[in-house]
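Structure first, commentary second.
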Amino acid sequence: MSGVLQNGPDGRSVLSYPGGGRVCSIHVLWQRFSSYNGGGMNGTSKMMDFLEEPLPGVGTYEDFNTIDWVREKSRDRDRHREITSRSKESTWALIHSVSDAFSGWLLMLLIGLLAGSLAGLIDISAHWMTDLKEGVCLAGFWFNHEHCCWKSNITFTDRDKCPEWKSWSQLMIGHGEGAFAYILNYFMYVIWALLFSLLAVLLVKGFAPYACGSGIPEIKTILSGFIIRGYLGKWTLIIKTITLVLAVSSGLSLGKEGPLVHVACCCGNILCHLFTKYRKNEAKRREVLSAAAAAGVSVAFGAPIGGVLFSLEEVSYYFPLKTLWRSFFAALVAAFTLRSINPFGNSRLVLFYVEFHMPWHLLELIPFILLGIFGGLWGAFFIRSNIAWCRRRKTTKLGKYPVLEVFVVTAITAILAFPNEYTRMSTSELISELFNDCGILDSSKLCEYVNDFNSTKGDDLPDRAAGQGVYTAMWQLALALIMKVFITIFTFGMKVPSGLFIPSMAVGAIAGRLLGVGMEQLAFYHHDWVIFSGWCSQGADCITPGLYAMVGAAACLGGVTRMTVSLVVIMFELTGGLEYIVPLMAAAMTSKWVADAIGREGIYDAHIRLNGYPFLEAKEEFSHKTLAMDVMRPRRNDPPLTVITQDSMTVEDVEAIINETTYSGYPVVVSRESQRLVGFVLRRDLIISIENARKKQDGIVSTSIIYFTDHSPPLPPSSPSMLKLRSILDLSPFTVTDQTPMEIVVDIFRKLGLRQCLVTHNGKLLGIITKKDVLKHIAQLANQDPDSILFN
């Protein structure tokens, strides 16, 4: 599929760029789609304003095509100018102008409210259904384990044994002790997990195939200007919300944080339809989606500022200052809404919020950097393994059996997870446990130290010798780490909603906690070593293992996604500790450097390339010395470029071209002999205009002449009515000369969001370069398969 764009004939402004010793001329004529002429359609010369009375469908795009950013922005400017000029005419027009300006903020408010409400609903439902696998609350089946035991008058040490909460073995056979009770609980755990995951995959397969995965690769592609109809629709939103709860509750190694970005973007896209200026302009809609992505991360992590930076750093293609402010407002409203719902009952927005008070020492940067290296290695390993598995899924029979794949992976996960308490609990609870700094009243195995209460000062506990519980927890965590590392490879990419943030953080948090406990014991037993002397005396609280878990989580998440600034801010907002920014920055940068040294792509970019989406990465430099003529089509020995002449082709001729080719648009030239460029016309606009003329206009037949000029060509009186289509002609396409260096062409495509660019030589049309051609050329130079780019 390819489109065509061309150069205005006369009076065009020329911007000259010196590049590679040559001068590249780019002819840009910013013209509005000024007047829609109905004259050729009804035999009169009556002129209608194309903006006021456009044909339905003209100026819209086909599915799996790229939008024309230049045209969309130009149309929005025209619309804004018109509203501003009319606002001086009457009070009603002034009110309309004010409401138009305010509509963006109102839309952000609605997105924040809806995204926050849905996130709260998902959190509460997932928490309840996760606990349902282990038992049920007699006081009310809708209570999860924690809420069920709030009213119980039991001692602190027995708080997990409240009488209102019954395990499945207690309900069925009356007691929870012994081998049979254990096997029964094990069986019920696996059955519930399989039920939840099967329900999720069947709903996705039956009602909304786009609801699977995390959605972030597709959202990045959509924000770059690609059209995937239905991906952000109402059915996708409903099914993704329901199946996300089911998938998380099933115990699969996935998180809800990535899919929450998709859910928020669905909210943004649906609410856009309430406002004409966003409904009818694809570029404006993408500004809203950028803000919605920020709101999604805001409610996923309780990090409004991190959400804005995530949208800016990771997903957005075009992010003007106005979008920054609106993203901040949407993220704020979403976080406030979630805080009002209070899904976890602790006034926090996430399950694993922690607060550390102990300062860190400069020498601890060494283990923090080691965690960064581990995060980078894990990220690179995960990306390569997961992409290899997903490619196998796409190219073999495995992809034909999504339900069976989900069933098998869930069964393996549940069977391996139940015996180990650290894999049996939800991943968010696991991260919360690993981040936790042990206090006097903590009964977790991770906090079973040999206590010497004589040395306790206030709330701070000194470094202590590890007890039996800590050693048991260490080997259980080591087994959990191995399981999470491998099972996540097969889970991410299945036909259920699956986020990668939480599993990646869990891997890093486990590794960090193991290292932190190791450092703590080293400091306790060898406080007289040179590395500890001077800052870690006997009986002091020197090492905080929970901090190591937090740094490890950031390192692994950074290694997989290659986030840096937004990652550090999200982790800082999660923990509320400004003093830990330096360790987080050190780990995040180290993991990015290590992962980049092994492979340049993050997981989302790798999935974009795997799916063949036309995403032109703005961060990559193009350093090859090729020219526009090396990339343009037609190549040597190819058929000549398909063109339409400005005033000599009939309706039948144009319809034949449309039927015989699959291009997105066609250059319009003066004549086939001269090949002088007049403009560019979109295929979709041509089809709609011709169909409309045949239906509504007398005298339009197959032999009617189509003309794109201001005045009709001279024809004999007996000839049929002519069809004037100048209104759908783009008179200001981008052109470059055949000697333009490709690095400049790539830069133009990136910065202006072009679909295509026409190539000329001495003012004559030579060929065309589409976004797909640019991507194929880059893939070829990188020794990748150019045919992997499937869409234009």
Side-chain angles (χ1 to χ4, degrees), residues 118-134 144-147 189 192-193 196-197 214 241 244-261 263 296-303 306 335 338-339 341-355 413-414 417 420-437 444 446 477 480-481 483-484 487-488 491-492 496-513 546 549-550 552-554 556-557 560 567 570-571 573-576:
L118 286 174
L121 177 68
I122 289 167
D123 284 339
I124 292 167
S125 307
H127 204 171
W128 170 66
M129 289 175 68
T130 300
D131 288 348
L132 193 62
K133 291 185 300 189
E134 298 186 40
N144 61 41
H145 193 166
E146 187 181 353
H147 292 173
Y189 180 92
W192 278 112
F196 291 156
S197 62
S214 80
T241 306
L244 181 53
V245 173
L246 291 166
V248 170
S249 306
S250 70
L252 285 165
S253 183
L254 47 83
K256 63 181 182 298
E257 280 65 19
L260 274 174
V261 176
V263 166
V297 175
S298 172
V299 292
F301 289 106
L338 186 62
R339 171 67 183 78
I341 294 169
N342 195 11
F344 302 111
N346 59 0
S347 301
R348 302 295 185 192
L349 299 183
V350 282
L351 199 56
F352 40 86
Y353 184 93
V354 287
E355 284 185 273
T413 305
N420 186 340
E421 66 178 279
Y422 292 110
T423 48
R424 188 191 316 163
M425 65 175 70
S426 78
T427 317
S428 293
E429 287 175 356
L430 170 63
I431 293 170
S432 179
E433 185 113 332
L434 294 168
F435 280 9
N436 184 40
D437 190 17
S444 164
L446 281 169
L477 282 174
L481 178 65
M483 177 189 159
K484 292 279 182 191
I487 206 76
T488 309
T491 306
F492 187 68
V496 290
S498 53
L500 195 55
F501 283 30
I502 289 296
S504 302
M505 287 174 68
V507 167
I510 294 170
R513 188 78 188 205
M550 188 178 84
C556 282
L557 185 53
V560 170
L567 172 63
I570 286 169
M571 296 304 291
E573 288 187 86
L574 272 179
T575 55

Taking all atoms of both residues into account, what is the closest heavy-atom pair of [X] and [Y], and its distance?
X	Y	value
Ser428	Lys256	OG-NZ, 4.3 Å
Ile502	Ile431	O-CD1, 3.7 Å
Tyr189	Thr423	OH-O, 4.2 Å
Glu433	Arg513	O-NH1, 3.9 Å

Any residue meeting ring pair (Phe, Tyr, Trp, His ring centres under 6.0 Å) with Phe196, in chain and number order, not counting sequence neighbours:
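For Phe196, the residues satisfying ring pair (Phe, Tyr, Trp, His ring centres under 6.0 Å) (neighbours in sequence not counted) are Trp192.
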Applying ring pair (Phe, Tyr, Trp, His ring centres under 6.0 Å), can you list everything that pairs with Phe492, at least two apart in sequence or on another chain?
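Scan of Phe492 (ring pair (Phe, Tyr, Trp, His ring centres under 6.0 Å), adjacent residues dropped) gives His607.
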Counterpart residues, side-chain contact (heavy atoms from CB on, under 4.5 Å), relative to Ser125 (two or more places apart)
Leu121, Val245
For Ala119, check side-chain contact (heavy atoms from CB on, under 4.5 Å) against everything at least two apart and list the hits.
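If we apply the side-chain contact (heavy atoms from CB on, under 4.5 Å) test to Ala119, skipping adjacent residues, the hits are Leu260, Val299, Leu338.
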Looking at side-chain heavy atoms only, is the closest gap between Glu257 and Met505 below 4.5 Å?
no
Do Asp131 and His147 have side chains that approach each other closer than 4.5 Å (heavy atoms only, starting at C-beta)?
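SC-SC contact between Asp131 and His147 ruled out.
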CE-OG1 distance between Met483 and Thr413, expressed to the nearest 0.5 angstrom
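It is 5.0 Å, given to the nearest 0.5 Å.
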Any residue meeting side chain to side chain donor-acceptor pair (under 3.5 Å) with Thr491, in chain and number order, not counting sequence neighbours:
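Result, side chain to side chain donor-acceptor pair (under 3.5 Å) vs Thr491: none returned.
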Partners passing side chain to side chain donor-acceptor pair (under 3.5 Å) against Ser253 (at least two apart in sequence or in another chain):
Thr488
